[in-house]
A.B. asks: 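Just passing along the structure, written as structure tokens.
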Amino acid sequence: MYDRYGGPEVLSLAEVPVPSPGPKQVLVQVHATSVNLSDWETLRGTPLYSRIGGLRAPGRPVLGSDIAGRVEAVGSEVTLFAPGEEVYGDNLTLKGGFAEYAVAPESALARKPASLSFAEASTLPQAGAIALQGTAGITAGMSVLINGAGGGSGAFAIQLAKSAGAHVTGVDNAAKLAFMRTLGADEVIDYRAEDFTRTGPYDRVLDLVAHRSIFAYRRSVARGGRYRCVGGTTRALLRMTTVGVVAGMVTGRGLGVLAVKEGPAHFTPLAELCVAGRIAIHTDRSFTLDETAAALAHVGAGRALGKVVVEIR
Ligand SMILES: NC(=O)c1ccc[n+]([C@@H]2O[C@H](COP(=O)([O-])OP(=O)(O)OC[C@H]3O[C@@H](n4cnc5c(N)ncnc54)[C@H](OP(=O)(O)O)[C@@H]3O)[C@@H](O)[C@H]2O)c1
């Protein structure tokens, strides 16, 4: 739990009552919760958009969006799930996943495929929705660059772009270059050594960590191509939604922010590909519940190759 924005040291372990589900909510006995960069951002309260739930203090005392577990109880209007069923989903609005029990809207959950473990399933909802929507429309022969490609969403995005037949360039820190190659990246760039906005232009750019100027991003995309960012500094995202869109239009490029749609329809297609063995799940490390602060710090420091999971049960 935490009651003020800050580093991992503001988190503490506490005993609290088991939450009760509302009419359209499900009480989940959590088995595993994966860590997303959005958890780290909401812990620290930066970028500013991570404070949407609470400007001065955290709106939710327990973090953790991507849960997988067993249904313990259901609200009076729940029709899709029954106690005992195995579910997973991105509980981004209510959070509370770094705990033994969490309440989630019925609409956020899907039935867990039997062949995926709870830990595996927990890696998919948020990163999968970002990766699927970020790589939609990529076709064979396109040159695709993914910035921040060695983390949770990027590890899926590289594989999806490769399976669509694209020539894929992954950008991340030096420690992740070999990992991105194992995922299928044709080219890799260490962002501290080389500027990807000068190595293209590319047909598609998916940026998970935008922080540069509109002009740099415009330069990275070929005419008729498309740049989309899903995360980054507030300043970069604001500039992209305003000046970027116009700058793109007048120069024949599609520049913009991808507002990622949530919900089972947006991540279950990735689970199907994982079950079929066509996309692999890469978990860098698993932590226990009382190591949640260390798990968040591991992701925040950019050390994780792929996903990080907190195994609760
Ligand atoms: N648009 C939406 O609706 C929506 C919804 C949910 C989440 N999001 C966003 O989506 C993003 C998803 O990230 P994720 O969970 O995949 O994060 P992640 O696992 O932490 O991966 C991000 C990777 O980017 C690297 N990186 C950091 N700075 C970089 C730079 N300047 N150039 C290149 N690489 C850099 C990081 O390593 P180092 O730090 O070591 O460099 C890390 O490997 C987050 O920004 C999140 O806020 C958006």
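Bear in mind that the values here come from a model prediction, so they are computed numbers and not experimental data. As the structure lists them, so they are numbered: ligands from 1, and atoms in each ligand from 1.
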A.B. asks: Are E86 and R111 ion-paired here, with the side-chain N under 4.0 Å from a carboxylate O?
C.D. replies: no
A.B. asks: Please check if I67 and L43 belong to a single hydrophobic cluster, counting links between Ile, Leu, Val, Met, Phe, Trp and Tyr side chain heavy atoms closer than 4.5 Å.
C.D. replies: yes
A.B. asks: Between V310 and E291, is any pair of side-chain heavy atoms under 4.5 Å apart?
C.D. replies: no
A.B. asks: For atom 11 (C) of ligand 1, what is the nearest protein heavy atom, given as residue, atom name and distance?
C.D. replies: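 Closest protein heavy atom to atom 11 (C) of ligand 1: L208 O, 3.7 Å.
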A.B. asks: Would you name the heavy atoms of I312 and G97 that are closest together and state the gap between them?
C.D. replies: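 Closest approach of I312 to G97, heavy atoms only: CD1-O, 3.3 Å.
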A.B. asks: Show the atoms of ligand 1 that are less than 4.0 angstrom away from any heavy atom in N173.
C.D. replies: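 Answer, ordered by atom number: 37 (O), 38 (P), 40 (O), 41 (O).
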A.B. asks: If you have a sec, work out which protein heavy atom is nearest atom 44 (C) of ligand 1 and how many Å separate them, to one decimal?
C.D. replies: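 Going by distance alone, atom 44 (C) of ligand 1 is nearest to L37 CD2, 3.7 Å.
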A.B. asks: To the nearest 0.1 Å, how far is atom 36 (C) of ligand 1 from its closest protein heavy atom, and which atom is that?
C.D. replies: D172 OD1, 3.6 Å
A.B. asks: For ligand 1, is any non-hydrogen atom under 4.0 Å from Y49's backbone (N, CA, C, O), its side chain (CB onward), both, or neither?
C.D. replies: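 The answer is the side chain.
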A.B. asks: Using heavy atoms and a threshold below 4.0 Å, how should the contact between N147 and ligand 1 be classified: side chain, backbone, both, or neither?
C.D. replies: side chain
A.B. asks: A side-chain contact here means heavy atoms from C-beta on lying under 4.5 Å apart; do R204 and T135 qualify?
C.D. replies: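 The answer is no; the side chains never approach within 4.5 Å.
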A.B. asks: If you round to the nearest 0.5 Å, how far is CG of L109 from OH of Y88?
C.D. replies: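 So the gap between those two atoms works out to 10.5 Å.
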A.B. asks: Distance to 0.1 Å, residue and atom name: give those for the protein heavy atom nearest to atom 19 (O) of ligand 1.
C.D. replies: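 Minimum-distance protein heavy atom for atom 19 (O) of ligand 1 reads G152 N, 2.7 Å.
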A.B. asks: Applying a heavy-atom cut-off of 4.0 Å, say which part of K307 lies close to ligand 1: side chain, backbone, both or neither.
C.D. replies: neither
A.B. asks: How would you list all residue pairs meeting side-chain hydrogen bond (donor to acceptor under 3.5 Å, both in side chains) that involve residues 222-244, not counting sequence neighbours?
C.D. replies: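 Applying side-chain hydrogen bond (donor to acceptor under 3.5 Å, both in side chains) to every pair that reaches into residues 222-244, excluding sequence neighbours, yields D207-Y227.
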A.B. asks: What protein heavy atom sits nearest atom 22 (C) of ligand 1, and how far off is it?
C.D. replies: G148 O, 3.9 Å
A.B. asks: For L258, counting its heavy atoms only, list the atoms of ligand 1 lying under 4.0 Å from any of them.
C.D. replies: 1 (N)
A.B. asks: With only distance considered, is R192 within less than 3.5 Å of ligand 1 through an N or O on each side?
C.D. replies: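 No, no N or O pair falls under 3.5 Å.
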A.B. asks: Using distance only, find each side-chain donor-acceptor pair of residues 255-284 under 3.5 Å and give its atom names and separation, not counting sequence neighbours.
C.D. replies:
residue	atom	partner	partner atom	Å
T268	OG1	P264	O	2.8
D284	OD1	L305	N	3.1
D284	OD2	H298	NE2	2.7

A.B. asks: For the residue pair V74 and L27, establish whether any side-chain heavy-atom pair is separated by less than 4.5 Å.
C.D. replies: no
A.B. asks: Backbone, side chain, both or neither: what part of V260 comes under 4.0 angstrom of ligand 1, heavy atoms only?
C.D. replies: both
A.B. asks: Side chain of S34, backbone of S122: donor and acceptor closer than 3.5 Å?
C.D. replies: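 Such a contact is found between S34 side chain and S122 backbone.
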A.B. asks: Okay, side chain of E120, backbone of S117: is any donor-acceptor separation there less than 3.5 Å?
C.D. replies: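 Indeed, once roles are kept as given, a pair shorter than 3.5 Å links the two residues.
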A.B. asks: Which residue holds the protein heavy atom closest to atom 9 (C) of ligand 1, what is that atom called, and what is the gap in Å?
C.D. replies: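 The closest one turns out to be V230 O, 3.5 Å.
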A.B. asks: Looking at ligand 1, does any of its N/O atoms fall within less than 3.5 Å of an N/O of L92?
C.D. replies: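 Not met; the criterion fails.
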A.B. asks: Please report which non-hydrogen protein atom sits nearest to atom 47 (O) of ligand 1, along with the residue it belongs to and the distance in Å to one decimal place.
C.D. replies: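 It is E41 OE1, 2.8 Å.
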A.B. asks: Checking E311 side chain against F287 main chain: does a donor-acceptor pair fall under 3.5 Å?
C.D. replies: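 Flag not set: sc E311 to bb F287 has no pair under 3.5 Å.
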A.B. asks: Can A301 be said to touch ligand 1, with heavy atoms closer than 4.0 Å?
C.D. replies: yes
A.B. asks: What atoms in ligand 1 come closer than 4.0 Å to a heavy atom of Q126?
C.D. replies: 6 (C), 7 (C)
A.B. asks: Which residue and atom name correspond to the protein heavy atom nearest atom 43 (O) of ligand 1, and how close is it?
C.D. replies: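 Atom 43 (O) of ligand 1 sits closest to the protein heavy atom K176 NZ, 2.5 Å.
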A.B. asks: Can you sort out which atoms of ligand 1 are near G302, meaning under 4.0 Å from one of its heavy atoms?
C.D. replies: 37 (O), 38 (P), 39 (O), 40 (O)
